Amino acid sequence: MLSISFSPFPILESKRLLLRAVTIEDVNEVLSLRGNSENMKFIPRPLITSKEMAMEHIAMIIEKIEQNLGINWAITLKGSPKMIGIIGHYRIQPENYRSEIGYMLLPEFQNQGITSEAIYLTLDYGFNQLNFHSIEAVVDPENSISAKVLEKNGFVKEAHFLENEYWDGKFWDSVVYSILKKNFNKSG
């Protein structure tokens, strides 16, 4: 079984991105990301509607990192500390050498290749630092944009679960995409 440790916190970099720890200074951006109904329409979780709720979300992120249960990074453009999105490893299964990634980007930064660049960094860290064998992403079947981004990054569709999650008075389908370490393109 894998031994997971996020200490010291890993900073990830690409040509134009810096992935750093989410901090309380990111409260307004967390509120913008998770309080935007359009951003959240495919995510069966409650909208964050106040700074207090955003602070609770940040505290949960920090706690999961401290307990080595999951890790989130603030996506930033190099040269600017402003968080423009979040990406991370969730639902880590050390016994299966597997995790789930999730990501969100502020609308004004979408369709610029930023998500793919952040996914590459997150996969590289997961496969080459944490030694995962596979990484999955779970998306709503109506979220074709996210599905295309995952496929562009080497993920393949593994399963489509019908009405497997109940949220806000309705049952949601889930589509699972995954990538194996041996299929990860190290060239980015």
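The first residue of the sequence shown is numbered 1, and numbering continues consecutively from there. The structure presented is a predicted model; accordingly, all values stated were derived computationally and were not measured. Computed from heavy atoms alone, side chains included, the values below leave out hydrogens, waters and symmetry copies.
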Answer yes if the ring centres of Phe132 and Tyr97 are under 6.0 angstrom apart, and no otherwise. no

Distance under 6.0 Å and angle within 45° of ring axis: Lys170 vs Trp172: yes

How close do Asn153 and Ser116 get, heavy atom to heavy atom, and via which atoms? ND2-OG, 3.0 Å

Using a strict threshold of under 4.0 Å (side-chain N to carboxylate O), is an ion pair present between Arg45 and Glu165? yes

Do Tyr103 and Ser146 have side-chain atoms, one donor and one acceptor, less than 3.5 Å apart? yes

Is Glu100 close to Val138 at the side-chain level, that is, under 4.5 Å between some pair of heavy atoms? yes

Under 6.0 Å from the CZ atom of Phe109, do we count more than 12 heavy atoms belonging to anything else shown? yes

Hey, does the side chain of Asn164 reach the backbone of Ser174 with a donor-acceptor pair shorter than 3.5 angstrom? yes

Evaluate the criterion side-chain contact (heavy atoms from CB on, under 4.5 Å) for residue pair Phe161 and Val176; output intermediate values, then yes/no. CA-CA 8 Å; Phe161 295 101; Val176 178; 3.7 Å; yes

Smallest heavy-atom separation, Asn183 atom then Ile179 atom, equals O-CD1, 4.1 Å

Does the separation of the ring centres of Phe184 and Phe127 fall below 6.0 angstrom? yes

Show the nearest heavy-atom pair for residues Ala21 and Ala74, with the distance to one decimal. O-CB, 4.0 Å

Closest non-hydrogen atom pair between Met83 and Leu106, with its separation: O-CD1, 3.8 Å

Which label fits Trp73 and Tyr125: parallel for a plane angle under 30°, tilted from 30 to 60°, or perpendicular past 60°? perpendicular

If I compare all heavy atoms of Lys78 with all of Leu17, which pair ends up nearest, and what's the gap? CE-O, 3.5 Å

Looking at Arg16, I'd like to know if its CZ atom is crowded, meaning that more than 12 non-hydrogen atoms belonging to other residues, nucleotides or ligands lie closer than 6.0 Å. yes

Is it true that the side chains of Lys41 and Asn143 contain a donor and an acceptor less than 3.5 Å apart? no

Locate the shortest heavy-atom distance separating Ile86 from Leu33; write the atom from each residue and the value. CG1-CD1, 3.8 Å

So, are Arg98 and Glu158 salt-bridged, with charged N and O less than 4.0 Å apart? yes

